[in-house]
Amino acid sequence: LLVPLVLLIGTKPTRGPDRARPFFILSVAIIALSLAARAFWVIFRNPAWAAVRDQPFLRMDSLMFGVLLAGIAAYRPSIYSLISTRRRLLFPLGLTGIFFAGGYQVFMLVRTQTLNASLYARVFLFTVLSVSIAITLVSLESSDRINHLGSERPWVRLVQFISITSYSA
């Protein structure tokens with residue numbers, strides 16, 4: 001809950017296009033600090049995977065990837081447009097990352113009973129999965145097929161209604 005306040009205070013002294021630079025610096029710094037804190041905690045405290053997953057301050061990088069993408073869309077629309085035009089590449093890349101990191105790797109780590117001992121799983125798996133989801137969301141958000149999906153279909157209207165009301169509340 002403090003991240004918006006930090007970003008607002010950190011970007012307040014600057015006006016106009018210069019406001020983007022501190023925003024990006026702070027966003028990347030929060031990602032780096034979260035990843036470093038998670039690595040430090042895992043290396044020196046050796047918690048189980050679920051204990052790492054349940055620590056919101058150690059997972060801020062996951063949130064910040066979305067914030068960073070929103071910042072790119074707001075402050076650098078030409079860059080975001082360039083990224084989103086690659087949606088036919090991003091979608092399979094993102095889904096592969098989700099499947100590989102979120103499915104196969106977790107399944108194999110659980111199956112081999114190494115999930116709680118794996119430095120990768122407790123530190124970097126969250127980041128790989130978050131980046132994969134962000135890539136997938138950019139590709140879906142920029143898809144005309146998704147954005148103009150037959151809203152005359154009742155199930156589509158239901159999903160849109162639930163999505164809009166649940167995320168805006």
Side-chain angles (χ1 to χ4, degrees), residues 1-14 18-77 79-80 82-84 86-87 89-142 163 166-169:
L1 293 174
L2 297 175
V3 171
L5 184 62
V6 168
L7 289 173
L8 184 64
I9 291 170
T11 59
K12 188 157 180 73
T14 57
D18 293 67
R19 195 173 195 161
R21 188 167 192 227
F23 171 84
F24 290 121
I25 290 170
L26 283 171
S27 296
V28 171
I30 292 169
I31 290 171
L33 286 172
S34 174
L35 191 58
R38 191 165 61 232
F40 184 84
W41 194 51
V42 166
I43 291 168
F44 292 105
R45 297 289 305 260
N46 198 25
W49 183 81
V52 176
R53 183 196 64 214
D54 293 342
Q55 296 296 321
F57 292 112
L58 300 178
R59 300 284 315 283
M60 288 304 295
D61 60 327
S62 297
L63 172 74
M64 292 308 295
F65 287 118
V67 171
L68 199 55
L69 278 174
I72 292 170
Y75 290 121
R76 304 286 191 260
I79 294 173
Y80 188 82
L82 181 66
I83 294 168
S84 65
R86 307 282 194 271
R87 67 180 180 77
L89 172 67
L90 294 177
F91 186 71
L93 187 64
L95 282 184
T96 300
I98 291 169
F99 170 74
F100 187 67
Y104 177 74
Q105 288 181 342
V106 171
F107 173 75
M108 289 306 292
L109 289 164
V110 169
R111 185 170 172 234
T112 59
Q113 298 180 353
T114 57
L115 184 65
N116 292 327
S118 171
L119 180 69
Y120 167 77
R122 294 179 294 163
V123 176
F124 301 108
L125 181 67
F126 302 110
T127 304
V128 171
L129 190 57
S130 297
V131 169
S132 298
I133 291 169
I135 289 171
T136 304
L137 288 176
V138 169
S139 69
L140 291 174
E141 183 268 335
S142 61
S163 298
S166 66
Y167 287 112
S168 64

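Only this structure's heavy atoms are used, side chains among them; waters, hydrogens and symmetry mates stay out. Values in this document were obtained by computation on a predicted structure and should not be read as measured data.
- Considering every non-hydrogen atom in both A50 and N116, the closest pair reads N-OD1, 4.4 Å.
- For Y120, the OH atom counts as densely surrounded, since its 6.0 Å shell holds more than 12 non-hydrogen atoms of other residues, nucleotides or ligands.
- A donor-acceptor pair under 3.5 Å links the side-chain atoms of T96 to the main chain of P92, judged by distance alone.
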Could you check R59 against R38 for side chain to side chain contact (heavy atoms under 4.5 Å, CB included), going step by step and ending with a plain yes or no?
CA-CA 8 Å; R59 300 284 315 283; R38 191 165 61 232; 4.1 Å; yes

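- A parallel orientation is assigned to the rings of F126 and W49, their planes being inclined by less than 30° (bins at 30° and 60°).
- Under the 4.5 Å side-chain criterion, counting only non-hydrogen atoms from C-beta, F124 is in contact with L35.
- A distance of 11.0 Å separates CG of L137 from OG of S132, quoted to the nearest 0.5 Å.
- Distance check: L69 CG to I135 CD1 gives 9.0 Å after rounding to the nearest 0.5 Å.
- In plain terms, the two heavy atoms of A101 and V106 that are nearest each other are O-CG2, 3.5 Å.
- The CG atom of L33 lies 10.0 Å from the CG atom of L26; values are rounded to the nearest 0.5 Å.
- S139 places a side-chain N or O within donor-acceptor distance of the main-chain N or O of T136, the cut-off being under 3.5 Å.
- To the nearest 0.5 Å, atom CZ of residue F100 and atom CZ of residue F107 are 13.5 Å apart.
- The main-chain N or O of M108 is found under 3.5 Å from a side-chain atom of T112 such that the two form a donor-acceptor pair.
- A distance of 9.5 Å separates OG in S27 from CG in L63, rounded to the nearest 0.5 Å.
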Would you please test V42 and L58 for side chain to side chain contact (heavy atoms under 4.5 Å, CB included) and show each step?
CA-CA 10 Å; V42 166; L58 300 178; over 6 Å; no

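- In this structure, the separation between OG on S130 and CD1 on I98 is 10.0 Å, given to the nearest 0.5 Å.
- The nearest pair of heavy atoms linking A74 to P77 is O-CD, 4.0 Å.
- Between L109 and A121, the shortest heavy-atom contact is CD1-CB, 3.4 Å.
- Side-chain contact between R122 and N46: present, with at least one pair of heavy atoms (C-beta onward) separated by less than 4.5 Å.
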